Each structure stands twice: as C-alpha cells, then as structure tokens.
Amino acid sequence: MSPEYEIINYKRFRPSIVANARLELLHTGMRWAEGPVYFADGDYLLWSDIPNNRILRWVEGGGVTTYRYPSNNANGNTRDRQGRLITCESGGRRLTRTEYDGSVTVLADNFQGKRLNSPNDVVVRSDDTIWFTDPDYGILSDYTGDKAESELGANHVFRFDPRSGTLDTATAEMVKPNGLAFSPDESILYVADTSISHDPAGAHHIMAWQVVDGRRLVEPRVFATIEPGVSDGFRVDTAGNIWTSAGDGVHCYAPDGELIGKIQCPEVVTNLTFGGPKHNRLFLTCATSLYAIYVGERGAQRP
Ligand code: MG
C-alpha cells in the first residue's frame, strides 16, 4: 500500500483506491493554486494561479504553459454541458464563459444592480444551470482582487440560468460559502463553509442542502466537519463519495458522512477534480503545486 494512504474504514475505502498508485508532482511554482478543470478532448488540465493572475495549462506529455494572463485573478473553473470553460473571476468580480472561438462572455457580474463580491467556485447542473459561490475573500485584501466593501452585504450561493440570463440567489445563509458539488443524482447540493479562515469559532464544514424543483435549497444539515483545515474544494465520484481538500491532504467521505480514508499530501490541498481519459485520476491543486493520483473510482461530473 502506498504510504500516502490512510485507511480508516478498510471495507469502504479499499475499493476506492489503487494500492500501488503514488502521488505524482506535475508542476510547482504557483503562488496559490485552485480551480482545476480537465478537458478530455485534449487530455489537458487548466487551473488558476490566483495571486499570479493567470490560468495555467498542463498537457499530458507536453508540459505546462500559460493559458490566460491576465486572468482577473481567476479562481474556480468548470465546464458547461457544451464543454465550454466557466470561470469565477475573483478580481474581476464576475462569472464568465469562454466561447469556442476564445472570446470571453460575461455571464453575471451583479445581483439586483449590486456588484458580486468575488465568485469563488462553480459547478454546472444537468439542466445547464450554473451554481457558484460568492464569498468576500477576493475583496478583503488586494491579494486576489481589489480591496473593497461588499455591495451585497452578504455571501450568496447563486444559480445562473444561461437560457434566460437570470441570476437568482440559492441561499445567503452561509457565512463564507466556498467549494460546492452536486450528488450524482443532483438531489443534494454540497457546499463548504470555510468561515474559520477569519473567525476562530467559524465553520470548517460541508453543508448538505436538499434541492427542490432544481432551484430551491432546503433542509440544510452539516454533512461533515473537516479537521484539520477546511474544505476549500471537493468533488463527488459515481458512488457518491465526496473527495475533499483538507489541511493534511484529501479526505474521502462516504455518502452517509463517514470519513473512510485519506490521501496524505505534503502541502495543503486547495481544490481537486477528477480527470484523465477514464475520469479516474484525481488532480490536486495544492498551495504552490499540482499533484495527481490514480484512484479506484470515477468522477461523477461530466464533461
Ligand atoms: Mg475555493
């Protein structure tokens, strides 16, 4: 068994890992990396180096190049159902879509006339709606955006419908909403709250919300409390397990909330995503580095 693994529940975690797979360092030298998104059509990965104001691209067998500079301090990335890049611009305070010709379309930059805080992380539902978090991290200092007062005065989870162009709030009840992902059947939206970053008594957990009518969030409950560190970003596999970033690596939670195992990592893990042609390779953005490891599950999110 590779030394990176810490198995807590052997029966439940053993099928989810590849015993001799090792953590591979793919790249280093970022200032703070987040937002990995995989493109199977080119076997490459994009991710954000937020303070360095750039999006990087790693190509299997081809090294790393700069994909976009300046990136308006891009943070979270994903793809829509049509394969286009969707980006949370922390510094740009907007949600964008990169079209097939490379042009960038602004999808949302305000809610009811007030500027967004600093979009952080994003997922797309099977009905094409785009769900993203908008905490105030990017406007608290000049490090990953421009310091400013929040015009909204709240940190929302938003739902954007690209067909109608409407932006609705899904909830404003979380203190600092951060990473998010749907369960495989999309009946649950998991959203991390990482408010301990600015309040020692704050949250370091993942909330589970029931999704009603594809648009409303009800019956919030604490799904898992992350220790050490926070769940800055996470993804769900086809079995419903949640693989989340944490202070000491990756933590894997079964759908019932049991912590079944960990992958130890030499740096703080920020975000992660499934990738590779079979969707069974976990790409980890860490503080300053990009790692990958093959696992025994496949990611639920496509493309
Ligand atoms: Mg984040």
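Small disclaimer: the values here were computed from a predicted structure and weren't measured. All ligand and atom numbering here is 1-based and tracks the order in the structure.
A salt bridge does not link R235 to E297: none of the charged nitrogens lies less than 4.0 Å from a carboxylate oxygen.
The nearest N, O or S atom of T194 is not closer to the Mg ion (ligand 1) than 2.8 Å. The Mg ion (ligand 1) has no N, O or S atom of N271 closer than 2.8 Å.
The Mg ion (ligand 1) is closest to atom OE1 of E34 (considering only N, O or S atoms). Minimum-distance N/O/S atom of D232 relative to the Mg ion (ligand 1): OD1.
Legend: ring pair (Phe, Tyr, Trp, His ring centres under 6.0 Å) pairs involving residues 170-189, not counting sequence neighbours, sorted by first then second residue: W131-F182. For the ring pair (Phe, Tyr, Trp, His ring centres under 6.0 Å) condition, the pairs that include at least one residue of residues 47-73, sequence neighbours left out, are W58-F283.
With a 6.0 Å cutoff to the six-membered ring centre and a 45° limit on the axis angle, K176 counts as a cation-pi contact of Y137.
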